[in-house]
2 protein chains.
Amino acid sequence: MNKRGQLSFVADVSTDLWGSGFGEVARRLLTAGVGCFATAGFMATTTRDITAGAGVSPAALYVHFPSKEAVLFEIVLAAHRDSLRVVREVEVCGDPADYLRTLVSHFVAWHARYHVAGRVSQYELSALSAEHFDVIVGLRHRTIEVFHQAIARGRGVGAFPVVDEHRVVRAIVSLGVDLVRWYRDDGADSPAELGEFYGELALGMVQAAGARARPPGDLLAGGAQAANE
Amino acid sequence: MNKRGQLSFVADVSTDLWGSGFGEVARRLLTAGVGCFATAGFMATTTRDITAGAGVSPAALYVHFPSKEAVLFEIVLAAHRDSLRVVREVEVCGDPADYLRTLVSHFVAWHARYHVAGRVSQYELSALSAEHFDVIVGLRHRTIEVFHQAIARGRGVGAFPVVDEHRVVRAIVSLGVDLVRWYRDDGADSPAELGEFYGELALGMVQAAGARARPPGDLLAGGAQAANE
DNA sequence: GTCTATAGCGGGATAGAC
DNA sequence: GTCTATCCCGCTATAGAC
């Protein structure tokens, strides 16, 4: 739809993520960090890359952040906080199907819109310190919980079939998260369009999971699985 | 489930991936490389890590491979070749639904079984040289094509609704690939179980994509939109 | 073909002027 | 708060003995 030249006016949307607690230079460092970490990875990114991207000298980074890892943490923290905010702001309407569809739609649209920061948030977690990692895991649990309650509510009122809730939630979230691996701004789908489409897919997944014949005697299914679930 | 010390008896299944073209030491280096790259990433992995894991001196790596990048390439190449082989070996049976379900099931089970090598294959591509990267992209296209034909065949005989084929294929493959991000060997689901479950989910996704309510006035929905994507 | 030893380089973090 | 200059460590890759 958009013609050539129009991409340049699109500012890096990652800048929307930085809270008011950061000054001008700190925000520029964070934005530069997102780009560097997303394309090259944390370890392959040098502090000189980040500071050059922000237009300051290498030493200036340590005025605003205690370490390179701290820059990564602030990025990952801001992204996880914002995506949690988005799913929590979805109004719990009467129809469970509408609610789940809207929930998935917003979650997916967020990951499409912030796919660059999302890539950093998903793939560079191993570079975080143990303490910082724990903070992020906590936020992830809270996000997952929103989806769990959406499925449980639908099943409670009979709108959804009985499903292996953990597996279905994991699959739906997995589908949304994986966007950050392949989504491109110049692709065919806008974040909103993709969100709507995936909202329908999620409903189809719930129905298919309910229709599925379970293995005989598999009464304990749905237990804990992944470390970062 | 497993207590300490018991993990060591679980042979790394990545060793199944190395072809007969590699000697004993080269295979050990590749296997060690998989573990290192998966946990720390390519850039954070040192040649000392890899050689120590293989039980040889740092210099021995360069007898068997020209560079650290070459070790990564052989790993990624072997993984992509093997997953392509698996989906191609699925027999094209009469029922399109059975075929798609089996296809997804095997694709997913492969990524669960080889999730460690799969993680390297999916997340360390940026560390490859341009030439090596192109080789991998070619293999990925061939894998995607198998799924496209499965959907197209089902639609051709009326077993599947008219869907936005690119979007559906991308979502199904995305779901399978993202396993490598969270799957754990000590989790609740075996590769085969997860494959079966995801096979059902894929069918539900195809149905949901077909049943999806189009925006009002969008009378050209379906074929026309998908055709030129 | 494997080893020890090391060359050569690049990056995280810091010192101190302004 | 930003700069220039630099320390010091650790990494890839190589040299040369065995």
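Chain identifiers are assigned alphabetically (A, B, ...) following the order of the sequence lines, protein sequences preceding nucleic acid strands; residue numbering begins at 1 within each chain.
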Asker: With a 4.0 Å cut-off on heavy atoms, is Thr46(B) in touch with a base, just the backbone sugar-phosphate, or nothing at all?
Answerer: sugar-phosphate
Asker: Any side-chain donor-acceptor pair under 3.5 Å between Asp49(B) and Thr46(B)?
Answerer: yes
Asker: Counting only side-chain heavy atoms from C-beta out, which of dC3(D), dG1(C), dC3(C) sits nearest to Val63(B)?
Answerer: dG1(C)
Asker: Taking the side chain of Ala60(A) as heavy atoms from C-beta outward, which of dC3(D), dA13(D), dA13(C) is closest to it?
Answerer: dC3(D)
Asker: Rounding to an integer number of Å, can you tell me how far Lys68(B) NZ sits from dT14(D) C1'?
Answerer: 17 Å
Asker: Do Phe147(A) and Phe107(A) make the cut of ring centroids closer than 6.0 angstrom?
Answerer: yes
Asker: Hey, does Thr51(B) reach any base, or is it just sugar-phosphate, or nothing, if we go heavy atoms under 4.0 Å?
Answerer: nothing
Asker: Checking all strands, does Val56(A) fall into the base, sugar-phosphate, or nothing category for heavy-atom contacts under 4.0 angstrom?
Answerer: sugar-phosphate
Asker: Which of these nucleotides, dA13(C), dC3(C), dT4(D), is closest to any side-chain atom of Ser57(B)?
Answerer: dC3(C)
Asker: Heavy-atom nearest nucleotide on DNA chain D for Tyr62(B) versus Arg48(A): which residue maps closer to 5'?
Answerer: Arg48(A)
Asker: Mark yes when over 12 heavy atoms from residues, nucleotides or ligands other than Arg81(A) sit less than 6.0 Å from its CZ; otherwise mark no.
Answerer: no
Asker: Check the distance between dT14(C)'s P and Leu61(A)'s CG and give it to me in whole angstrom.
Answerer: 11 Å
Asker: Tell me which nucleotide among dA13(D), dA13(C), dT2(C) gets nearest to the side chain of His64(B).
Answerer: dT2(C)
Asker: How long is the line joining CD1 of Ile50(A) and C1' of dG12(C), in whole Å?
Answerer: 11 Å
Asker: Using whole Å, report how far CD of Glu69(A) lies from C1' of dA13(C).
Answerer: 15 Å
Asker: Would you kindly give the CE-to-P distance between Met43(A) and dG12(C), to the nearest whole Å?
Answerer: 8 Å
Asker: Determine the contact category for Ala59(B): base if any of its heavy atoms lies under 4.0 Å from a base atom, sugar-phosphate if only primed atoms, P, OP1 or OP2 are that close, otherwise nothing.
Answerer: base
Asker: Parallel, tilted or perpendicular, judged at 30° and 60°: which one describes the rings of Phe42(A) and Phe37(A)?
Answerer: tilted
Asker: For dG12(C), take OP1 and OP2 only and decide whether either is under 4.0 Å from a side-chain N or O of Thr47(A).
Answerer: yes
Asker: Report the distance from atom CG of Leu29(A) to atom C1' of dT2(D), rounded to the nearest whole Å.
Answerer: 12 Å
Asker: In whole angstroms, how far is the C1' atom of dT14(C) from the CZ atom of Phe65(A)?
Answerer: 18 Å
Asker: Distance alone, cut at 3.5 Å: any donor-acceptor contact between the side chains of His111(B) and Asp178(B)?
Answerer: no
